[in-house]
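Note sheet for the following structure.
The figures that follow rest on heavy atoms only: side chains count, while hydrogens, waters and symmetry mates do not.
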Amino acid sequence: MVVRKLTSADRVSLEKLWSICFMYSINVEEAEKKANENPAAPTGYGAFNEDGEMIAGVIGNELTMNFDGSKVPLVGIGGVVTHPSYRKGGAIKSIMKSLLSEARKNGFVFSGLYPFNHGFYRKFGYELSRDLETYTFAFPLIMKYAGDVKTKLLTDKDDRTFLHPVYEAFTKRYNLSIDRDKDAFNRATASNPYAANDYTYAIYDGTDPCAYIAFYKKNSDHESVLCVRDFAFKSEKDFIKILSFLSRFSPEFAKIEIALPSDIPIALLSSNPYDVQKSVNSRYMTRVVNCEKALSMLNRNIPSPFVIKIDDPFLPENSGTFKVWAGGCAKTEDKADVSLSIQAFSQMIAGYAGFEGTLFREDVELFGNLETLKAVFPKMATYLGVYY
């Protein structure tokens, strides 16, 4: 088996492999035509047998993530596939080792993915880092916010670039949030209200856009549900403007469905919290590919220095014992205050459980400096904004 970077010549082979494994149809001639017209190579790695046939592949999307107020490189894993005839042969393990090692050398700090199975990706150092919290409620719960709000319906002819600063301001609030350049933003908020029951509205504070919301109509249990698929706002009062605007749709819809970060207390904002239904989907995993750099970028209250030991057997060059202080980080031979696996560290630094929650894990051992570690690694609200 040979593992190497994908080239432009591998594009059709990868699409054919996806077709076989994900069980959907493609037009091979059309795929070959598109590949000839767009010769750019996929950003990822493939595994090939002795005959040169692609037997597995992984895409490594080169993205930018918000971390403690800074934009850091993240390699987003997607399109993971192995030919059924070659499964259980270690192809993905070999690809992931090459891909993550190369990403680290190229300056990437984090990696993320949406797993088909959490246990499978824990073997490569990933751990659960965000829950998708979706709320469903009837319109009477937000009618108290009804009021005058200036809005504009955008059609498929309208450019959305003027709303991009709203998304930028919103995602600065959250670790893990993924950047969208202006083209990606336009694609994510694209809608055609006349042909697809899909709507995007800009919301204004005076003459300036302060929020937006994109939603579509879904029929569920013989009820029409307003499903929010994307939104952003600049400030807390601008989120209230979103609720105020949504209240106008009570004649057309029975309920609202919206996924929110955990720091937005929708139940507390509602007139009857008992009527708010919440579902949780634990769907996103991250791993740190450069622990020293991630620790050096911490922009948090660090009341006193601490020493942390991290074990990363899948990516040994990422292992080490690090002394961290306000404004810096360096490898050390000092005794560690805490020892933990790369999975536990990745989950903790993302803010998923906070240090106190992390102590419940079997792969964490505390030796001292508890109060400092609790202060540096709190539980935090996170947001993604991009599905890749």
Q) Does some side-chain heavy atom of V228 sit less than 4.5 Å from a side-chain heavy atom of Y135? A) no

**Q.** Check: Y216 ring centroid to Y199 ring centroid under 6.0 Å
**A.** no

(Q) Is the shortest side-chain heavy-atom distance between D131 and N281 below 4.5 Å? (A) no

Q: Answer yes or no: is there a donor N or O on one side and an acceptor on the other, between the side chain of R104 and the main chain of E317, under 3.5 Å?
A: yes

Q: Flag the pair E257 / K218 as yes when at least one side-chain heavy-atom distance between them is below 4.5 Å, and no otherwise.
A: yes

Q) Where the side chain of R11 meets the backbone of A35, is there a donor-acceptor pair that is under 3.5 Å apart? A) no

Q) For the residue pair F231 and F215, is the inter-centroid distance of their aromatic rings smaller than 6.0 Å? A) no

Q: May I ask you to test the I92-V80 pair for a side-chain heavy-atom distance under 4.5 Å?
A: yes

Q) Taking it one step at a time, do D179 and T64 satisfy side chain to side chain donor-acceptor pair (under 3.5 Å)? A) CA-CA 5 Å; D179 267 7; T64 303; 4.6 Å; no

Q: Answer yes when E292 and K331 have at least one side-chain N-carboxylate O distance shorter than 4.0 Å, and no when they do not.
A: no

Q) Salt bridge between K309 and D337, side-chain N to carboxylate O under 4.0 Å? A) no

(Q) Any salt bridge linking E168 with K71? Criterion: basic side-chain nitrogen under 4.0 Å from a carboxylate oxygen. (A) yes

Q. Heavy-atom distance under 4.5 Å between the side chains of F322 and C291, does that happen here?
A. yes

Q) So, does T200 use its side chain to make a donor-acceptor pair with the main chain of T189 at under 3.5 Å? A) yes

Q: Verify, without hydrogens or angle tests, whether S98 (side chain) and S94 (backbone) share a donor-acceptor contact under 3.5 angstrom.
A: yes

Q: Apply the side-chain contact (heavy atoms from CB on, under 4.5 Å) test between I349 and each candidate in N175, D68, V288; give the one that qualifies.
A: V288

Q) What's the spacing between K374 NZ and L359 CG if we round to 0.5 Å? A) 9.5 Å

(Q) Could you check whether F245 and Y212 have their ring centres less than 6.0 Å apart? (A) no

Q: Mark yes or no for whether N186, through its side chain, and T161, through its backbone, hold a donor-acceptor pair below 3.5 Å.
A: yes

**Q.** Candidate list K237, K150, K241, test side chain to side chain donor-acceptor pair (under 3.5 Å), partner D205, passing option
**A.** K237

Q: Determine the minimum heavy-atom distance between G206 and Y204, stating which atoms define it.
A: O-CB, 3.6 Å

**Q.** Steps toward ring pair (Phe, Tyr, Trp, His ring centres under 6.0 Å) verdict (Y114, Y387)
**A.** CA-CA 8 Å; Y114 294 88; Y387 184 86; 4.3 Å; yes

Q.
Would R4 and F48 count as a cation-pi pair here, with the cationic atom under 6.0 angstrom from the ring centre and within 45° of the axis?
A. yes

**Q.** Carboxylate-amine/guanidinium proximity below 4.0 Å for R180 and D230
**A.** yes

Q: Inspect the surroundings of CD in E37 and state if more than 12 heavy atoms from other residues, nucleotides or ligands are less than 6.0 Å away.
A: yes

**Q.** side-chain contact (heavy atoms from CB on, under 4.5 Å) between N61 and L74, intermediate numbers included
**A.** CA-CA 8 Å; N61 298 286; L74 171 135; over 6 Å; no

**Q.** CG on N369 to NZ on K335, rounded to 0.5 Å
**A.** 12.0 Å

Q | Point-to-point distance, once rounded to the nearest 0.5 Å, from CG of L128 to CD of Q343 | A | 12.5 Å

Q. At what distance, to the nearest 0.5 angstrom, does NE2 of H164 lie from CG of D159?
A. 11.5 Å

Q: Decide, yes or no, whether a salt bridge links E252 with K217 under the criterion of side-chain N to carboxylate O below 4.0 Å.
A: no

Q) With a 4.5 Å heavy-atom cut-off, do L373 and L366 have their side chains touching? A) yes

Q.
Run Y45 and V3 through side-chain contact (heavy atoms from CB on, under 4.5 Å) and show every step you take.
A. CA-CA 7 Å; Y45 278 75; V3 174; 4.1 Å; yes

Q) Got a sec, which residues hit salt bridge (Lys or Arg N to Asp or Glu O under 4.0 Å) with R229, two or more places apart in sequence or on another chain? A) D198

Q: Look at E30 together with K33 and state whether they make a salt bridge at an N to O cut-off of under 4.0 Å.
A: no

Q | Verdict with reasoning, D10 to T7, per side chain to side chain donor-acceptor pair (under 3.5 Å) | A | CA-CA 5 Å; D10 298 319; T7 68; 3.2 Å; yes

Q) Side-chain heavy atoms under 4.5 angstrom apart, residues restricted to Ile, Leu, Val, Met, Phe, Trp, Tyr: same cluster for V81 and V28? A) yes

(Q) Would you say that P209 contacts K234 through its side chain, given a criterion of any heavy-atom pair below 4.5 Å between the two side chains? (A) no

**Q.** side chain to side chain donor-acceptor pair (under 3.5 Å) between T286 and S346, worked out
**A.** CA-CA 6 Å; T286 55; S346 298; 5.6 Å; no

(Q) I77 vs M96, test: side-chain contact (heavy atoms from CB on, under 4.5 Å). Steps then yes/no. (A) CA-CA 9 Å; I77 303 300; M96 291 298 292; 4.1 Å; yes

Q | Expected output: side-chain R160 to main-chain A202 donor-acceptor under 3.5 Å | A | no

Q | Transitive ILVMFWY side-chain link Y274 to L269, under 4.5 Å | A | no

Q: Using modelled atom types only, decide if a donor and an acceptor are shared between the side chain of T155 and the backbone of K157 within a distance under 3.5 Å.
A: yes

(Q) Can a donor-acceptor pair be found, under 3.5 Å and without considering hydrogens, that links the side chain of N49 to the backbone of D51? (A) yes

Q | Flag, side chain of S177 to backbone of T171, donor-acceptor distance under 3.5 Å | A | yes

Q: Can you measure from OH (Y121) to OG (S111) and round to the nearest 0.5 angstrom?
A: 10.0 Å

**Q.** Residues R287, E127: salt bridge by 4.0 Å N-O rule
**A.** no

Q) Side-chain contact, heavy-atom cut-off 4.5 Å: W325 with F306? A) no

Q: Before giving the answer on side chain to side chain donor-acceptor pair (under 3.5 Å), spell out for R361 and Q347 the whole-Å C-alpha distance, their side-chain angles and the decisive distance to 0.1 Å.
A: CA-CA 11 Å; R361 297 180 59 107; Q347 186 176 72; 3.2 Å; yes

(Q) Cation-pi check for F137 against K255: NZ or CZ below 6.0 Å from the six-membered ring centre and within 45 degrees of the axis, yes or no? (A) no

Q. Roughly how far apart are I55 CD1 and E53 CD, rounded to 0.5 Å?
A. 8.0 Å

Q: Using modelled atom types only, decide if a donor and an acceptor are shared between the side chain of S270 and the backbone of I266 within a distance under 3.5 Å.
A: yes

Q.
Could you walk me through whether F110 and L176 satisfy the side-chain contact (heavy atoms from CB on, under 4.5 Å) test, starting with their C-alpha distance in whole Å, then the side-chain angles of each, then the deciding distance to 0.1 Å, before giving a yes or no?
A. CA-CA 9 Å; F110 291 87; L176 305 185; 5.8 Å; no

